[in-house]
There are 2 protein chains.
Amino acid sequence: MTSYPNISGILLAIDCIIFGFDGKDIKLLLIKRNFEPQKGSWSLMGGFLEANENLEDGATRILHDLTGLKNIYVEQLGVYGNVQRDPVTRTVSVVFFALINIDDHSEEAVKLHNASWISLDQRPSLIFDHNEMVYKAIEHLRYKAALHPIGFELLPEQFTIPQLQKLYEAIYNTPIDRRNFSRKLLSTGLLIDTGIKNAHSATKKAALYKLDTARYKEKFNSFWNFMPDSMENGVRI
Amino acid sequence: MTSYPNISGILLAIDCIIFGFDGKDIKLLLIKRNFEPQKGSWSLMGGFLEANENLEDGATRILHDLTGLKNIYVEQLGVYGNVQRDPVTRTVSVVFFALINIDDHSEEAVKLHNASWISLDQRPSLIFDHNEMVYKAIEHLRYKAALHPIGFELLPEQFTIPQLQKLYEAIYNTPIDRRNFSRKLLSTGLLIDTGIKNAHSATKKAALYKLDTARYKEKFNSFWNFMPDSMENGVRI
DNA sequence: GCAAAAGTGTTCAAATTACACCCATGG
DNA sequence: CCATGGGTGTAATTTGAACACTTTTGC
């Protein structure tokens with residue numbers, strides 16, 4: 001048996017939802033399309049899966065194309081395949097969720113693709129079902145960051161606890177008590193004090209920490225039970 | 001623009017991981033293939049996505065085919081698309097995760113497909129990457145059931161608290177304190193006492209409860225913080 | 001020396017755990 | 001009447017929430 005009878009192929013696309021954090025807001029890397037279809041509209045960065053390419057490799061390729069980065073934190077977020085989601089022809093899209101340190105991206109690559117970093121609350125409407133994908137990604141970020149230490153993926157290698165707090169406040173769009181936050185984070189044992197103080201500060205300089213990567217891997221799957229409600233859905237069909 | 005240039009289609013399959021609970025063990029509905037490829041081997045129930053079919057509709061179709069049921073709890077679990085995963089031809093599979101009340105399935109449909117309910121710890125090795133899919137599904141079941149009230153999907157409409165406890169003990173393969181479990185479950189406010197007592201019992205008859213569906217929907221997305229560790233992975237690529 | 005941000009401590013309430021006792025049922 | 005499983009209570013511990021004071025820095 002060398003083929004399946006009477007089955008025809010479907011176009012497989014990959015779309016990437018790329019989150020960054022600028023110290024104040026959670027941002028998305030979106031592109032203003034200078035190509036068809038829907039030239040001029042905003043969309044996620046995407047592309048077609050190549051003939052001899054694994055899904056994750058396709059995502060890696062597309063992420064590298066837009067950011068110049070390798071070794072990005074990526075998860076599969078889901079597949080979108082409604083019959084009429086792409087008006088050109090039937091296309092099924094595998095969506096990937098990526099977190100990067102916003103300082104590391106390649107400015108040239110971003111410019112080349114006509115992309116911009118846009119705050120979540122200022123994001124334009126996107127083509128096709130990309131709005132739905134982004135909505136799900138934001139929910140996933142909230143869900144996952146409440147339970148696992150993925151926040152660090154959005155920060156530079158060295159960071160202060162106040163920075164980390166601002167990140168979580170941005171993710172959940174809610175103020176957090178400084179003292180409880182600090183205590184909780186330090187108690188995870190995930191942070192290593194570098195002994196250095198943050199230079200960029202007009203007042204008291206905060207201590208710079210780095211992630212204990214060994215402990216991070218070890219503890220990645222133990223729950224944090226950190227933030228208030230967020231969600232994930234099961235669909236009843 | 002009515003087509004994309006130079007892009008060729010890929011076969012899209014759907015595979016379903018179907019969990020049941022017989023009062024003692026968590027079981028999987030698996031099929032012993034009486035068709036090619038890999039005739040005689042065990043696999044998940046699957047099929048190809050049809051030309052004008054949405055993904056969820058495909059899953060619904062396949063689940064109905066095998067169980068005779070509609071309105072099953074289903075979630076997308078992920079996509080598997082490694083280039084060589086299917087030796088016949090390149091196929092990308094969208095995997096769905098389903099929970100059903102084992103008493104409701106159609107025996108004829110199951111027999112027709114040469115399928116059986118098999119306990120997790122007795123499951124045979126499966127074809128292709130189906131073992132990996134099942135492994136991920138079990139992890140997902142543990143993860144999700146610790147945080148959301150999905151356990152009820154595996155039970156009959158009316159159930160006792162000891163039954164519910166056996167279910168969670170089976171999911172986590174660990175004993176749970178009877179008294180604390182009962183208190184915690186009742187405190188969720190999700191259970192309605194039917195006033196009826198369980199007939200099938202040689203000793204004291206347990207109270208039968210049913211799910212408060214309104215409250216279930218309302219509280220589905222609030223965390224439970226229920227069970228001990230389980231996991232979910234982010235892939236670093 | 002003062003405004004602004006960082007670091008640390010204490011108290012109270014709530015949730016979780018670890019236990020022990022009594023009740024209903026069928027044989 | 002007794003073995004089996006179901007139902008409920010309580011004390012000890014742990015965890016989380018709320019809140020106040022001191023320190024460092026640049027101007």
>> If the test is side chain to side chain contact (heavy atoms under 4.5 Å, CB included), which one of B/Ile18, B/Leu77, B/Val74 qualifies with B/Phe96?
In response: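 Testing each of B/Ile18, B/Leu77, B/Val74 against B/Phe96, the sole residue satisfying side chain to side chain contact (heavy atoms under 4.5 Å, CB included) is B/Val74.
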
Identify the pairs formed between an N or O of the protein and an N or O of nucleotides 1-5 of chain C at a distance under 3.5 Å, and give each distance.
from  : atom 1 : to       : atom 2 : distance (Å)
C/dA5 : O4'    : A/Thr203 : OG1    : 2.9

>> Does B/Lys205, at its NZ atom, have more than 12 non-hydrogen atoms belonging to other residues, nucleotides or ligands within less than 6.0 Å?
In response: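 Yes, NZ of B/Lys205 has more than 12 neighbouring heavy atoms, counting only those of other groups under 6.0 Å.
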
What's the [atom1]-[atom2] distance between [X] and [N], to the nearest Å?
| X | N | atom1 | atom2 | answer |
| --- | --- | --- | --- | --- |
| B/Ile176 | C/dT16 | CD1 | P | 14 Å |
| A/Lys197 | D/dG26 | NZ | P | 13 Å |
| B/Leu186 | D/dG9 | CG | P | 12 Å |
| A/Asn198 | D/dT24 | CG | C1' | 13 Å |
| A/Lys184 | C/dT8 | NZ | P | 19 Å |
| A/Ile161 | D/dT23 | CD1 | P | 20 Å |
| A/Leu185 | C/dA6 | CG | P | 14 Å |
| B/His200 | D/dG5 | NE2 | C1' | 16 Å |

> Looking at CZ of A/Phe181 and NZ of A/Lys166, how far apart are the two atoms once the value is rounded to the nearest 0.5 Å?
Replying inline: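 The distance works out to 10.5 Å.
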
> At what distance, to the nearest 0.5 angstrom, does CD of A/Glu75 lie from NZ of A/Lys144?
Replying inline: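 Reported to 0.5 Å precision, the distance equals 3.5 Å.
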
> Is the distance between the ring centroids of B/Phe97 and B/Phe19 less than 6.0 Å?
Replying inline: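 Yes: the rings meet the under 6.0 Å criterion.
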
> Taking the six-membered ring where the residue is Trp, are the ring centres of B/Trp117 and B/His105 under 6.0 Å apart?
Replying inline: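 Yes: the rings meet the under 6.0 Å criterion.
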
>> Students often mix this up, so state it plainly: with edges at 30° and 60°, are the rings of B/His148 and A/Tyr143 parallel, tilted or perpendicular?
In response: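 If you compare the ring of B/His148 with that of A/Tyr143, the planes turn out parallel.
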
> Within the pair B/Lys205 and C/dC23, is there a side-chain N or O less than 4.0 Å away from OP1 or OP2?
Replying inline: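 Checking B/Lys205 against C/dC23: no side-chain N or O falls below 4.0 Å of OP1 or OP2.
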
>> Please enumerate all residues that pass salt bridge (Lys or Arg N to Asp or Glu O under 4.0 Å) together with B/Arg179, with sequence neighbours excluded.
In response: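 Per chain and number, B/Arg179 pairs via salt bridge (Lys or Arg N to Asp or Glu O under 4.0 Å) with B/Asp177.
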
> Can A/Ser41 and A/Arg33 be said to form a side-chain hydrogen bond (donor to acceptor under 3.5 Å, both in side chains), step by step?
Replying inline: CA-CA 6 Å; A/Ser41 299; A/Arg33 297 165 73 92; over 6 Å; no

Report all interatomic pairs (protein N or O, nucleotide N or O of nucleotides 19-21 of chain C) with separations under 3.5 Å.
from   : atom 1 : to       : atom 2 : distance (Å)
C/dC19 : N4     : B/Arg179 : NE     : 3.0
C/dA20 : N7     : B/Arg179 : NH1    : 2.4
C/dA20 : N6     : B/Arg179 : NE     : 3.2
C/dA20 : N6     : B/Arg179 : NH1    : 2.8

